[in-house]
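Read the structure below first, then the notes.
Because the structure is a prediction, the values reported are computed rather than measured. Throughout, a chain's letter reflects where its sequence line sits, starting with A, and its residues are numbered from 1.
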2 protein chains.
Amino acid sequence: MAGATNRLPKLPVERALKVIAGRWKPVILYYVFDGPKRLSELKRMMPDITQKVLIQQLREMEEHGLVRRQIFAEVPVRVEYSATVLGLGLEPVLLSLCAWGQRHAKEQNDIPDVADCIVRPRRAPGATAAT
Amino acid sequence: MAGATNRLPKLPVERALKVIAGRWKPVILYYVFDGPKRLSELKRMMPDITQKVLIQQLREMEEHGLVRRQIFAEVPVRVEYSATVLGLGLEPVLLSLCAWGQRHAKEQNDIPDVADCIVRPRRAPGATAAT
DNA sequence: CTGTATCCGTGCCGATACTG
DNA sequence: CAGTATCGGCACGGATACAG
C-alpha cells in the first residue's frame, strides 16, 4: 500500500492541496512546526483524533516528505516526528490560507470561537500576545 | 440541504481548505479569475468534468461567496459565473500553494508534464511566455 | 509507548438519463 | 443552453480491539 500514495495530481495546486488537505494535517503540522514531537505528545495535544488516524496522517505526510520520523533506540524506545525543510516551507502557505480563512469567516458573519489562527509562526519565548 | 453547507470548520485554515479543496474548484477558479464564464464555456474548458459535478462545485462556491452567478434574461437565457472580491482574494493563496506544489514535485523527483502552474495571474494580452 | 488490524458510516464525485 | 434526478463506487476517517 505504501508507495501508491505518491500518485499525486499533476497540477501543482492540486498536488499541494492533496498533500495538506487531510482532516488533521494542518493541525499536526502546526504542532510539529513548533519542534519535534512524540506520538503521545501529539495525541495529548489533539484529544479528538484517534490514534489510528493520527499515525495514518503522519505516515502520509512522512511519505510525502513533510515530516521525518526518527527512532531513538533508548531504553523505552522513543519516536519523534519533526518537520522537514520541505514541510517547513508550508508554513507561509498555511499562514496565507489562515489569513484568507479569517477574512472569509468575517465576510460570512461567521466568527469562529477560536480568536486567532492555529497555524502561525512560533512566537518568541518571552513575547506576550500583543494586539 | 442547501444552507447546511455553510457549516464550516472553526479553524481558519481548515475553513479555507474546506472551501477550496473540491476536486475541480482550483481549476474552475483559475478560469473564472480570468473573467466571467458561461457554463458551456467552463464545460468546454474542462472536458473531464461532468456537467453535474461542475454545477455542483459552482453551487458550493457560490454559497461560500467565491463566485457570483448572474442571469441575463436575454433571448436565450445567458448565465455567467464570475469571481467575487472574496474569491479573487484567493488568487495569491492559490499561487503560493502552486509554488510550493512545484517545489514539492521537484523534491520528489516527480516532475509533472504540465510545465507551469495552472493557477496564476492573468497574463498581459500580448505578453509572450518569457519563462 | 508505539503501532496494527478490522469494521463501517458518510461524503465526494463520476456516469447516465431526463427536463425547461 | 442550463439544470435536475438517481444510482453507485470508493476513499477518508472514526471506533474499537489487539500486539510488540
Who are the side chain to side chain donor-acceptor pair (under 3.5 Å) partners of A:Glu80, not counting sequence neighbours? A:Arg78
Figure out the [atom1]/[atom2] separation between [X] and [N], and round it to whole Å.
X: B:Arg59; N: D:dA5; atom1: CZ; atom2: P; answer: 11 Å
X: A:Tyr81; N: C:dT2; atom1: OH; atom2: P; answer: 8 Å
X: A:Glu80; N: C:dT2; atom1: CD; atom2: P; answer: 10 Å
X: B:Ile28; N: C:dC13; atom1: CD1; atom2: P; answer: 10 Å
X: A:Gln70; N: C:dT2; atom1: CD; atom2: P; answer: 14 Å
X: B:Ile55; N: D:dC1; atom1: CD1; atom2: C1'; answer: 10 Å
X: A:Ile71; N: C:dG3; atom1: CD1; atom2: C1'; answer: 11 Å
X: B:Lys43; N: C:dG14; atom1: NZ; atom2: P; answer: 11 Å

Least distance between heavy atoms, A:Phe33 atom then A:Ala83 atom: CD2-CB, 3.9 Å
Looking at every non-hydrogen atom in both residues, tell me the closest pair between A:Ser96 and B:Ser96 and how far apart they are. OG-OG, 3.6 Å
Counting only heavy atoms not in B:Lys18, do more than 12 sit closer than 6.0 Å to its NZ atom? no
Quick one, A:Met61 and A:Leu29 - any side-chain contact, counting heavy atoms below 4.5 Å? yes
Do B:Gln51 and B:Leu39 come close enough that some side-chain heavy atom pair is under 4.5 Å? yes
Tell me, with the steps shown, if B:Arg23 and A:Glu14 meet side chain to side chain contact (heavy atoms under 4.5 Å, CB included). CA-CA 8 Å; B:Arg23 172 68 183 82; A:Glu14 298 183 346; 3.8 Å; yes
Nucleotide-resolved protein contact map, nucleotides 6-20 of chain D, B/S/- at heavy-atom distance under 4.0 Å: B------BBBB----
Using the ring-ring contact (aromatic ring centres under 6.0 Å, His included) rule, collect all pairs that involve residues 75-100 of chain A, keeping only residues at least two apart or in two chains. A:Trp100-A:His104
With a non-hydrogen cut-off below 4.0 angstrom, is B:Arg69 in contact with a base, only sugar-phosphate, or nothing? sugar-phosphate
Could you give the distance from CG (A:Leu8) to NE2 (A:His64), rounded to the nearest 0.5 Å? 4.5 Å
Does B:Arg38 have a side-chain nitrogen or oxygen under 4.0 Å from the phosphate oxygens OP1 or OP2 of D:dA2? yes
Walk me through it: do A:Ile20 and B:Leu97 pass the test side chain to side chain contact (heavy atoms under 4.5 Å, CB included)? CA-CA 10 Å; A:Ile20 66 176; B:Leu97 270 169; 3.9 Å; yes
Side chains of residues 52-59 of chain B: which donor-acceptor pairs under 3.5 Å do they make with residues two or more places apart or in other chains?
residue, atom, partner, partner atom, Å
B:Gln57, OE1, B:Trp24, N, 3.2
B:Gln57, OE1, B:Lys25, N, 3.3

Taking the axis from the first five pairs and the axis from the last five, what angle separates them in the helix from C:dC1-D:dG20 to C:dG20-D:dC1, rounded to 10 degrees? 40°
Return the polar atom pairs (N/O with N/O) between nucleotides 18-20 of chain C and the protein under 3.5 Å, or none.
none

